[in-house]
Amino acid sequence: MNRTLRTIDDLVAAHLVSREESCALEAVAARYAITITPTIAALIDRTDDQDPIARQFVPSAQELSATAEERADPIGDARHAPVPGLVHRHEDRVLLKAVAACPVYCRFCFRREWVGSGDALSADALDAALGYIATHREIWEVILTGGDPFVLSPRRVRDLSGRIAALAHVKIVRWHTRVPMVDPARVNGEFVEALLAGGATTWIALHANHPREFSRAARAAIARLGDAGIPLVSQSVLLKGVNDDADTLERLMRAFVEMRVKPYYLHHPDLAPGTSHFRVTIDDGLALMTSLRRRLSGLALPSYVLDIPGGAGKVPLESRDVEKVGDGSWRIRDAGGRWHAYPPK
Ligand SMILES: *Cc1c(COP(=O)(O)O)cnc(C)c1O
Ligand code: SF4
């Protein structure tokens, strides 16, 4: 099985879904992109119908059920987009969504309404985004996200990092990616070299949610990045049925640290459409963090954060900015001091 899987027929042929399920899943496929790399397909235990790798990538008919609080743009990117492809929510840093494609499509993706459209930013739109960054001298950090910018060719990565790093006020170029886990062969010597732009410091935020994603090939890819002197931090999403138990989270965080990756964020799942089957409660998340704090050194502890729906930014959930107001309902204070209901009304 050495082929990337993109259709329901591919998934049936790979024994990841049954013929009986395939009809309902065609409706999911018509709405949300599907891609599973050979690396990920090989990690799935087909004898386990609760397999945490399968759950992240194999579509489910539950994706067709949207709930009232879900929204197409859960974290409010559009509210802070001065030009297409750029999100400027915090003064000193911007997100640059250079590409709408990913090497895999996570079933819980917070940008699922947008990724998979496949479009890279057009040359004109990229010029406009870089023009905005050039004229906003308060921008110290450019965060390349998407989609997943590691799907770009080494030539395009070199071009992009070079153009950003050439701006004197930009000191940090941060890449957010899942590629080292899901398509590790892409991270070859030529690619790693392309990431190193003179004039700015390269950082990587690596997305992984389960310790089994650390295959031998993934570990080798992460080591190539570390050996090139690139500092790495982690991002994980807290997901029901994938990693919502203290043992799995402990093993995940230890795996990161063993690979020279500092655990950074554990994200509370966003209100993306058709993802309620992945959502844990904030109470459960806080209890898991309490267990992790007992088990792990500070080096291995991530910060548990929620992106306030609508675009008010990320808030650490273990803080005085979070108050329970009822069963399953909370109020959360943004950095500007305003309170927001969660879930939103
Ligand atoms: C998450 C995010 C960032 C990065 O935030 P850090 O806390 O610096 O990791 C920057 N801009 C936007 C719009 C974000 O959503
Ligand atoms: S890699 Fe990131 S952007 Fe792409 S589908 Fe997964 S969560 Fe979404």
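Counting starts at 1 for both ligands and their atoms, following the listed order.
Using a distance-only test at 3.5 Å, with no hydrogens or angles considered, no donor-acceptor pair links the side chain of H80 to the main chain of P82. A distance-only check finds no donor-acceptor pair linking the side chain of R254 to the backbone of A300 [under 3.5 Å].
The aromatic rings of H136 and Y132 sit parallel to each other, their planes meeting at less than 30°, with 60° as the upper class boundary.
For the pair F191/V179, no side-chain contact is recorded, criterion being any heavy-atom separation below 4.5 Å from C-beta on.
Among all heavy-atom pairs drawn from I36 and I40, the shortest one is CG2-CG2, 3.8 Å. Listed here is the closest heavy atom pair of M259 and I222: O-CG2, 3.7 Å.
Taking 4.0 Å as the cut-off between side-chain N and carboxylate O, R224 and E193 do not count as a salt-bridged pair. Salt-bridge formation is not detected for the pair D48/R55: no Lys NZ or Arg NE/NH1/NH2 atom is positioned less than 4.0 Å from an Asp or Glu carboxylate oxygen.
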Ligand-protein N/O pairs under 3.5 Å (ligand 1):
unit_1: ligand 1; atom_1: 7 (O); unit_2: Y265; atom_2: OH; d: 2.4
unit_1: ligand 1; atom_1: 8 (O); unit_2: R93; atom_2: NE; d: 2.8
unit_1: ligand 1; atom_1: 8 (O); unit_2: R174; atom_2: NH2; d: 3.0
unit_1: ligand 1; atom_1: 9 (O); unit_2: R174; atom_2: NH1; d: 2.9
unit_1: ligand 1; atom_1: 9 (O); unit_2: R174; atom_2: NH2; d: 3.3
unit_1: ligand 1; atom_1: 9 (O); unit_2: Y264; atom_2: OH; d: 2.7
unit_1: ligand 1; atom_1: 15 (O); unit_2: R89; atom_2: NH2; d: 2.8
unit_1: ligand 1; atom_1: 15 (O); unit_2: K314; atom_2: NZ; d: 3.1

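The environment of R71 atom CZ is dense: over 12 non-hydrogen atoms of other residues, nucleotides or ligands sit within 6.0 angstrom.
Less than 2.8 Å away from atom 6 (Fe) of ligand 2, the protein contributes these N/O/S atoms: C106 SG.
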